[in-house]
Amino acid sequence: MSKLRIMSVFGTRPEAIKMAPLVKELAGREDIESICCVTAQHREMLDSVLEVFGLKPDWDLDIMTPRQTLSGITSRCLLGMDEAIDSLKPDMILVHGDTSTTFAGALSAFYHQVKVGHVEAGLRTYDKYSPYPEEMNRKLVTAIADLYFCPTENNRENLRREGISEGVFVTGNTVIDALKTTVRKDYVFAAGELNRLPYDSRKIILVTCHRRENYGQPMEDIMSALAHIARTHEDVELVYPVHLSPVVQECARRHLADIPNVRLIPPLAADEMHNLMARCYLVLTDSGGLQEEAPALGKPVLVMRRETERPEAVAAGTVKLAGVKHDSIAGMAHELITDPAAYAAMARAVNPYGDGLACRRIADAILWYFGRGKRPEDFRA
């Protein structure tokens, strides 16, 4: 019996972090030929992850352009995927999450009548403009997919309410699998200044902020709150790997560049980010992935967004929704910086996102779907 050709498609840094361990798991299965196709929606940040995990793509669309638009990303990805699918002839295409690459990859697979597996399926905010464009991307992929790999039971319930019950698996999140390979106590940072941070004497706060729906006044308020936190707490140091988006770069530097206990640094490789997270005190972010990664490392997270599609961590107590207003962000950060009991309550909460075996479950589910194995047991937090 010939091997199944399973093509994983991704194009951004967060996708790559979560898909890399799955690509490797699939490559280790004797019934599967694992094919890696990247769109390079984010070129530099994607390449750093590929290097960390030792992945060499079988196909690279290389679509990134300066100040690219959502329409441009989607159209270039669709056109590039035509050639990739016609040449590689996969039995199934795996897409991850909610990016423009994800939507275009799934749509192209549908146009070629190739089966689609959706990794990190079932996340919802039920506001199509927040996160933008991610919420609509993942809903559109839901309509196309054949298999759904949900990180949590709550994600499966979201799909059930939408009438989807076949081909649904609760696997845990593959980012927990990734953390098992990147975080080490003896890790030495390539960026020398990160090795010299006063982890023992000061509270290191890791910051990320980059989402499109926060562009404009929300981002101005967020940056203002970060500046206030740094100026009013001499015992903290904010470390902010600034996204390459010119909009983000300009806003961050205008508010934060001249504050002594704020470090604006270039984006970090996946292993650098994971190990900095493991050593920091607190995470302030508008990212999706960090809401899953930080709790796995025992770090409280304040989410600088109006809503989250990851309510499990809020329910578990590892994450709090701080919103995008100056006073709310500054006030909630102040509590965690000054109140040991409030901090401990979040740091000790149980992470609901996985046990590090998500990739194994996904590979088993694919083999089951094609009649080559048993259906895997679902992950239960």
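Excluded from the calculations below are hydrogen atoms, water molecules and symmetry mates; all remaining heavy atoms, backbone and side chain alike, are included. These numbers were taken from a predicted model, which means no experiment stands behind them.
- A heavy-atom distance below 4.5 Å is not found between the side chains of M219 and H210.
- When each of Y148, F379, W368 is tested with F169 by the rule ring-ring contact (aromatic ring centres under 6.0 Å, His included), just one qualifies, namely W368.
- In summary, the side chains of T99 and E134 do not present any donor paired with an acceptor at a separation below 3.5 Å, with no hydrogens or angles considered.
- Ring geometry for Y187 versus F189: interplanar angle over 60°, hence perpendicular rather than tilted (30 to 60°).
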side-chain contact (heavy atoms from CB on, under 4.5 Å) between M45 and H243, worked out: CA-CA 9 Å; M45 293 187 283; H243 196 277; 3.6 Å; yes
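- N155 contributes a side-chain N or O that, together with a main-chain N or O of T152, makes up a donor-acceptor pair within less than 3.5 Å.
- A donor-acceptor contact shorter than 3.5 Å links the side chain of R138 to the backbone of L123.
- Here the side chain of Y240 pairs a donor or acceptor atom with the backbone of C209 at under 3.5 angstrom.
- Within a 6.0 Å radius of CZ in R161, more than 12 heavy atoms belonging to other residues, nucleotides or ligands are found.
- When side chains are defined from C-beta on, R13 does not count as touching E15, because their heavy atoms never get closer than 4.5 Å.
- Using a cut-off of 4.0 Å between Lys/Arg side-chain N and Asp/Glu carboxylate O, R43 and D60 are scored as salt-bridged.
- Counting heavy atoms from C-beta outward, V303 and D286 have side chains that stay 4.5 Å or more apart.
- Without hydrogens or angle criteria, R202 side chain to E234 main chain gives a donor-acceptor distance under 3.5 Å.
- No continuous path of ILVMFWY side-chain contacts below 4.5 Å connects I329 to V239, so the two sit in separate hydrophobic clusters.
- Other residues, nucleotides and ligands contribute more than 12 heavy atoms inside 6.0 Å of the CD atom of Q217.
- No donor-acceptor distance shorter than 3.5 angstrom exists from the side chain of T174 to the backbone of D177, with no hydrogens or angles considered.
- Heavy atoms only, all atoms of each residue included: A278 and L297 are closest at N-CD1, 3.9 Å.
- With Q41 as the fixed residue, the side chain to side chain donor-acceptor pair (under 3.5 Å) test singles out one of T74, T101, T102: T101.
- Taken from OG1 in T12 to NZ in K18, the straight-line distance is 9.5 Å, to the nearest 0.5 Å.
- Shortest non-hydrogen contact noted between W59 and G80 is NE1-O, 4.4 Å.
- Annotation: R306, atom CZ; neighbour count of heavy atoms from other residues, nucleotides and ligands within 6.0 Å does not exceed 12.
- Pairing each heavy atom of A225 with each of A330, the nearest pair is CB-N, 4.3 Å.
- By the 6.0 Å contact criterion, NZ on K115 is open, its count of non-hydrogen atoms from other residues, nucleotides or ligands being 12 or less.
- Counting heavy atoms from C-beta on, the side chains of V116 and D146 come closer than 4.5 Å.
- Across all non-hydrogen atoms, the minimal contact from L147 to A365 is CD1-O, 4.4 Å.
- The pair R310-E292 meets the salt-bridge criterion, with a side-chain N (NZ, NE, NH1 or NH2) lying under 4.0 Å from an Asp/Glu carboxylate O.
- E135 is not listed as a side-chain neighbour of S130, based on a closest heavy-atom distance of 4.5 Å or more.
- With hydrogens and angles ignored, the 3.5 Å screen pairs a side-chain donor or acceptor of H118 with a backbone N or O of G97.
- With hydrogens and angles disregarded, no donor-acceptor distance shorter than 3.5 Å links the side chain of S87 to the backbone of E83.
- Under the rule for a side-chain contact (heavy atoms from CB on, under 4.5 Å), the partners of R196 that lie at least two apart in sequence or sit in another chain are E193.
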Given the rule in the salt bridge (charged side-chain N to carboxylate O under 4.0 Å, His left out) test, do D31 and R29 qualify, once you have shown the distances and angles that lead to the verdict? CA-CA 6 Å; D31 285 346; R29 299 300 182 100; over 6 Å; no
Test side chain to side chain donor-acceptor pair (under 3.5 Å) on E312 and N154; report intermediate values, then the result. CA-CA 7 Å; E312 300 87 355; N154 183 64; 3.2 Å; yes
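- Residue F110 places its CZ atom among 12 or fewer non-hydrogen atoms of other residues, nucleotides or ligands, all under 6.0 Å distant.
- Between L55 and V23, the closest side-chain pair of non-hydrogen atoms falls below 4.5 Å.
- The hydrophobic cluster containing V247 also contains M304, counting ILVMFWY residues as joined when their side-chain heavy atoms lie under 4.5 angstrom apart, directly or transitively.
- The shortest distance between side-chain heavy atoms of H233 and T338 falls below 4.5 Å.
- Between the N275 side chain and the R184 main chain, a donor and an acceptor come within less than 3.5 Å of each other.
- Remark: side-chain polar atoms of S75 are paired, donor with acceptor, to backbone N or O of S71 under 3.5 angstrom.
- The closest donor-acceptor contact from the side chain of Y343 to the backbone of Y281 lies under 3.5 Å.
- Annotation: F53, atom CZ; neighbour count of heavy atoms from other residues, nucleotides and ligands within 6.0 Å is above 12.
- The shortest distance between side-chain heavy atoms of R254 and E220 falls below 4.5 Å.
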